[in-house]
Amino acid sequence: MSRFIDDLKRTHRCGSLRAADVGKEVVLFGWVESRRDHGGCVFIDLRDREGITQIVFDPAYAEADTWASRGGAPAGLDKELLAKAHDLAEQIRGEWVVGIRGVVLSRGSNVNPKIATGEIEVLVLEATVFNKADTPAFELKDDIDTREEVRLQYRYLDLRRAPLQRILRMRHEINRATRNYLSDAGCLELETPFLVKYTPGGARNFLVPSRLSQGKFYALAESPQLYKQLFMVAGFDRYFQIVKCFRDEDLRVDRQPEFTQIDVELSFVNQDDVFTLMEGLVFAIYKAALGQDLHDVFPDGRFPRIPFSESMAKYGNDKPDLRFGLEHVDLTDLVIELGGGGVPFFAEIADRYTSGALSRAHKPQIVKALVIPAAANLSRPQLEELEKGLRDVKGFRGLARAKVAEDGSWTQSPLAKSVTPDARARINAAVGAKTGDVICFQFGLADLVHTVMAKLRVDVAKRMGLIPEYGHGGKWKFLWVTNPPLFEPGDGEGTWVAAHHAFTRPVDEHLPLLETDPARVECYRYDLVLNGFEIGGGSIRLHDPDVQQRVFNVLGIELESAREKFGFLLDALRSGAPPHGGIALGMDRVAMLLSGAPTLRDVIPFPKTNQGTDQMTGAPVTVDASQLADLAVRVVSAP
RNA sequence: GGGGUGGUAGUUAAGUUGGUUAUAACGCCGGCCUGUCACGCCGGAGGCCGCGGGUUCGAGUCCCGUCCACCCCGCCA
């Protein structure tokens, strides 16, 4: 072994040799991808992170005659070493780590077009086994069908596979492009603590018991939010960090308990300034990670922007997938005007508004429709299948449908009998329904209607083949969703809580509404959305103490606790805080979407399962009583 | 916290109305093979059917519980 490591040294990686290298003596190190033994000569595909090279062990090449057609035997030929190498080749098995010295030979017309090095092979003159390997728990092929449970248990094997190697390499490129771009943009990469003070509200924190202050706890930072604002107060002007964040919430296909953000904060900026900087960053990332110029998709270098309210109205959520249409139509006003149009369910809602029980300004209950075009050609069982998919939305009670006949009448519908012809015609016109279309209705509490219809929209698109089950499908639909409400109703009547956090700056024109109609106060907050995923979000912060006070007045009882929780920030903001704002990109999600990976787990080297466990190490684990005693912590329920 | 899907050889799957010895492919082991590249041919080993109860003459199959993984809702500023 030492001869290979100390003397020979690796000359090439397994993906680099080409026809031009024929005749060179090379040294390759790698893992045995596969072995094909023909008794006499043995072929091995040798793999490293750069690719695969076929190496050949052939005893015939011990004889000078065999070299005649290759221009004579090479200087490095030693019959004994070659024979030894062939003996080794008989023993070598998959995933063994080997080193070889050999000569690059042309494969003539016998090329393998599937690999980049397919024009050549390396005839082995000398070989060594660095290490044997247990038979892997699963076959390390590119298109794997092994259960994820098993792959996660042997993550170091799974990571040997080319698809995952490609993704982690792409992450590296994203990181590098980010550092270059943001550094060039004048941002300083500054670090913030992970062990921070626990603050209630927002995401649940992981807690870390303190040994030195027994009975007290740190929290793991859910984001560097407060600290990056303090950097602005301190005059660093522009900051970024590629930083781990920790949130103890339930997991999803696009959520992990620890994840990475590209975190940015800027002084003396407005919303547009943040957008411009980030658009440039995303363009740079695409160039670096995919080699793609996003100007092909967004020629002016900008992403479209829509207000939060419009996003909710048209798509039912704040992260719409714009790769397809299927927009929602809000029928609430029409239904009110029609007095329900003969449909009892609609009439109930209309009455509540006409009687003044519900406020037309705020619309707590709504009626929405979505048209499945006739072209979708969905059968009745397929439509029922779609409805079934909505059942996991809590509170979902059913989806009213109506198939539009040639004369505009409705069939296959519980509403067909009761709806008045006039109302039917008005609704058909409002939703733009044509013959054969299926109109889906949802009505009731606004949140539920939005959730159901948002899911329906995506389900229909997948069913129609407008978007793939996962992956980008070659489309990159970015947009900014801007200016959501600053407050949302609290538990008590007439109380308000901050929709995001209490330090977001209200939209200037809405400042007078703070005292009169808080529900309608929008704020300078924004999300960056790609193909239906929120990949980033941020806000312009509230740095003006007077407005800050008025916001706290609306929040009422939250004021005291805000002082207790964020007193240091409030003090800081009064100490000479520049106007500032920022954003954080979910870098794992960006990597997932760019790579087309089906889950976040595929773009994180060592991810957790849905239960937050590590299948490989078994974490989290119980600990000794003595360790708990050091921390003054006691486990109450049996583990 | 709620809903859904799944767990059978190392891996992926099949397994009928409950019925003799639980199948297959790939992988693995042995033998043969000098141009394979999904090498080929011959032979072989390999099973707590997730775990624990129950029903039954008899359970991979039916019932109850439980664990694990995945997907969704709540939650995630």
Side-chain angles (χ1 to χ4, degrees), chain A residues 33-46 52-61 66 86 93-95 105 107-115 117-118 121 123 134-154 157 199-205 222-223 225-226 245-257 259 388-396 447-448 451-452 454-455 458-459 469-470 484 486-488 497-504 523 525 527 534 537-539 584 586 598-599 601 608-611 613 615 618:
Chain A
E33 171 96 356
S34 76
R35 171 174 167 276
R36 296 173 294 281
D37 183 351
H38 288 258
C41 87
V42 178
F43 300 96
I44 284 178
D45 289 341
L46 195 66
I52 287 175
T53 300
Q54 171 164 290
I55 60 177
V56 193
F57 299 77
D58 189 342
Y61 279 89
T66 317
H86 188 260
R93 292 293 182 271
E95 301 308 316
L105 300 183
R107 293 184 57 169
S109 58
N110 189 22
V111 302
N112 180 354
K114 289 179 189 165
I115 54 177
T117 60
E121 62 191 2
L123 189 279
D134 293 344
T135 301
F138 50 91
E139 290 174 68
L140 306 186
K141 49 187 182 181
D142 284 6
D143 49 339
I144 202 164
D145 53 3
T146 300
R147 205 177 312 138
E148 209 176 347
E149 209 173 336
V150 179
R151 291 171 50 199
L152 290 174
Q153 188 182 343
Y154 303 96
L157 294 180
T199 52
R204 187 181 295 114
N205 292 108
E222 63 185 67
S223 79
Q225 180 62 44
L226 299 173
C245 301
F246 307 88
R247 294 183 187 175
D248 189 7
E249 294 291 346
D250 284 3
L251 276 17
R252 285 285 190 283
V253 71
D254 61 348
R255 284 192 230 156
Q256 281 276 305
F259 59 98
K388 207 172 153 188
L390 300 173
R391 274 192 216 149
D392 51 23
V393 179
K394 195 180 175 186
F396 176 69
D447 283 353
L448 179 63
T451 305
V452 169
K455 184 158 171 26
V458 173
D459 289 351
E469 197 58 38
Y470 68 86
L486 180 58
F487 305 104
E488 55 191 34
V497 298
H500 297 289
H501 65 67
F503 301 100
T504 305
C523 59
R525 194 194 140 73
D527 285 340
E534 180 198 322
S539 63
T599 93
R601 293 184 294 276
K608 305 285 192 289
T609 70
N610 265 354
Q611 293 305 310
T613 63
Q615 290 294 101

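Every chain is numbered from 1 and lettered A, B, ... according to where its sequence line falls, protein lines coming before strand lines.
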* Asked: Heavy-atom distance under 4.5 Å between the side chains of Pro257(A) and Leu251(A), does that happen here?
  ->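 Yes, side chains in contact.
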
* To do: Measure the shortest side-chain to side-chain distance between Thr117(A) and Gln54(A) over non-hydrogen atoms and say whether it is less than 4.5 angstrom.
  =>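 A side-chain contact is absent here, since even the closest heavy-atom pair is not under 4.5 Å.
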
Closest approach to the side chain of [X], judged atom by atom: which nucleotide of [options] is it?
| X | options | result |
| --- | --- | --- |
| Pro59(A) | G35(B), C71(B), U34(B) | U34(B) |
| Thr135(A) | C28(B), C71(B), A69(B) | C28(B) |
| His38(A) | G10(B), A69(B), U36(B) | U36(B) |
| Ala137(A) | C29(B), U12(B), G10(B) | G10(B) |
| Gln615(A) | U34(B), C71(B), A69(B) | A69(B) |

Using atom names, set out every protein N or O paired with an N or O of nucleotides 74-77 of chain B below 3.5 Å, distance rounded to 0.1 Å.
| from | atom 1 | to | atom 2 | distance (Å) |
| --- | --- | --- | --- | --- |
| G74(B) | N7 | Arg252(A) | NH2 | 2.8 |
| G74(B) | O6 | Asp250(A) | OD2 | 3.3 |
| G74(B) | O6 | Arg252(A) | NH1 | 3.1 |
| G74(B) | O6 | Arg252(A) | NH2 | 3.3 |
| G74(B) | N1 | Asp250(A) | OD2 | 2.6 |
| C75(B) | O2' | Glu249(A) | OE1 | 2.6 |
| C75(B) | O2 | Arg255(A) | NH1 | 3.3 |
| C75(B) | N3 | Arg255(A) | NH1 | 3.0 |
| C75(B) | N3 | Arg255(A) | NH2 | 2.9 |
| C75(B) | N4 | Arg255(A) | NH2 | 2.6 |
| C76(B) | O2 | Arg255(A) | NE | 3.0 |
| C76(B) | N3 | Arg255(A) | NH2 | 3.3 |
| A77(B) | OP2 | Arg247(A) | NH1 | 2.8 |
| A77(B) | O3' | Ala499(A) | O | 2.5 |
| A77(B) | O3' | His500(A) | O | 3.2 |
| A77(B) | O2' | His500(A) | ND1 | 2.4 |
| A77(B) | N6 | Gln225(A) | OE1 | 2.9 |

Which heavy atom of [X] sits nearest to which heavy atom of [Y], and what is that distance?
| X | Y | value |
| --- | --- | --- |
| Gly538(A) | Arg525(A) | O-CG, 3.2 Å |
| Tyr154(A) | Ala137(A) | CE1-CB, 3.4 Å |
| Phe138(A) | Leu157(A) | CZ-CB, 4.1 Å |

Going by purine N1 to pyrimidine N3 plus the second Watson-Crick contact, or the G-U wobble pair, all under 3.5 Å, which nucleotide sits opposite [N]?
| N | result |
| --- | --- |
| G43(B) | C29(B) |
| U21(B) | none |
| A9(B) | none |

* Under 3.5 Å, is there a donor-acceptor pair between the side chain of Thr146(A) and the main chain of Arg151(A)? -> no

Protein-nucleotide distance ([X], atom [atom1]; [N], atom [atom2]), rounded to Å:
| X | N | atom1 | atom2 | value |
| --- | --- | --- | --- | --- |
| Arg93(A) | G10(B) | CZ | C1' | 16 Å |
| Tyr154(A) | U11(B) | OH | C1' | 11 Å |
| Lys455(A) | C71(B) | NZ | P | 13 Å |
| Ile115(A) | A38(B) | CD1 | P | 10 Å |
| Asp45(A) | U36(B) | CG | P | 14 Å |
| Leu140(A) | C28(B) | CG | C1' | 14 Å |
| Asp254(A) | C73(B) | CG | P | 9 Å |
| Asp145(A) | C26(B) | CG | P | 14 Å |

At 4.0 Å (heavy atoms only), tell me whether [X] reaches a base, stays on the sugar-phosphate, or touches nothing.
| X | result |
| --- | --- |
| Asp248(A) | nothing |
| Arg601(A) | sugar-phosphate |
| Lys114(A) | sugar-phosphate |
| Val253(A) | sugar-phosphate |
| Thr613(A) | sugar-phosphate |

* List for me each residue that meets side-chain contact (heavy atoms from CB on, under 4.5 Å) alongside Leu123(A), sequence neighbours excluded, and say none if there are none. => Val56(A), Asp58(A), Tyr61(A), Trp67(A), Leu82(A), Leu105(A), Leu125(A)

* To do: Quick one: list whatever passes side-chain contact (heavy atoms from CB on, under 4.5 Å) with Ala454(A), sequence neighbours left out.
  =>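 Testing Ala454(A) for side-chain contact (heavy atoms from CB on, under 4.5 Å), a comparison that skips the adjacent residues, returns Asn317(A).
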
* Qualifying salt bridge (Lys or Arg N to Asp or Glu O under 4.0 Å) pairs with a residue from residues 138-150 of chain A, counting only residues at least two apart or across chains ->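 Residue pairs passing salt bridge (Lys or Arg N to Asp or Glu O under 4.0 Å), neighbours aside: Glu148(A)-Arg601(A).
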
Between [M] and [N] - [atom1] atom distance, rounded Å:
| N | M | atom1 | result |
| --- | --- | --- | --- |
| A25(B) | A9(B) | C1' | 12 Å |
| U23(B) | G46(B) | P | 13 Å |
| C49(B) | A22(B) | C1' | 8 Å |
| G47(B) | G10(B) | C1' | 12 Å |
| U21(B) | U17(B) | C1' | 22 Å |
| G43(B) | G58(B) | C1' | 36 Å |
| G60(B) | G7(B) | P | 16 Å |
| G1(B) | U16(B) | P | 36 Å |

Would you kindly check whether a donor in the side chain of [X] faces an acceptor in the base of [N], or vice versa, at under 3.5 angstrom?
| X | N | answer |
| --- | --- | --- |
| Glu121(A) | G35(B) | yes |
| Asn110(A) | C37(B) | yes |
| Arg36(A) | U34(B) | no |
| Gln54(A) | U36(B) | yes |

* To do: Would you mind telling me which residue lines up with the more 5' stretch of RNA chain B, Phe43(A) or Thr146(A), judged by nearest nucleotide?
  => Thr146(A)

* RNA chain B: 5'-proximal contact among Val150(A) and Tyr61(A) (nearest heavy atom) -> Val150(A)

* Asked: Planes under 30° and centres closer than 5.5 Å, is that true for Phe138(A) with the base of U11(B)?
  ->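 Here the ring of Phe138(A) and the base of U11(B) are not stacked, as the 5.5 Å and 30° limits are not both satisfied.
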
* Asked: OP1 or OP2 of U36(B) sitting under 4.0 Å from any side-chain N/O of Asn112(A)?
  -> no

* Could you tell me whether the phosphate oxygens of U12(B), OP1 or OP2, come under 4.0 Å of any side-chain nitrogen or oxygen in Arg147(A)? => yes

* **salt bridge (charged side-chain N to carboxylate O under 4.0 Å, His left out) involving Arg247(A) - partner list, sequence neighbours excluded** =>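 By the salt bridge (charged side-chain N to carboxylate O under 4.0 Å, His left out) rule, Arg247(A) matches no residue at all.
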
* Asked: Under the salt bridge (charged side-chain N to carboxylate O under 4.0 Å, His left out) test, which residues partner Arg255(A), sequence neighbours left out?
  ->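 So Arg255(A) forms no salt bridge (charged side-chain N to carboxylate O under 4.0 Å, His left out) with any residue.
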
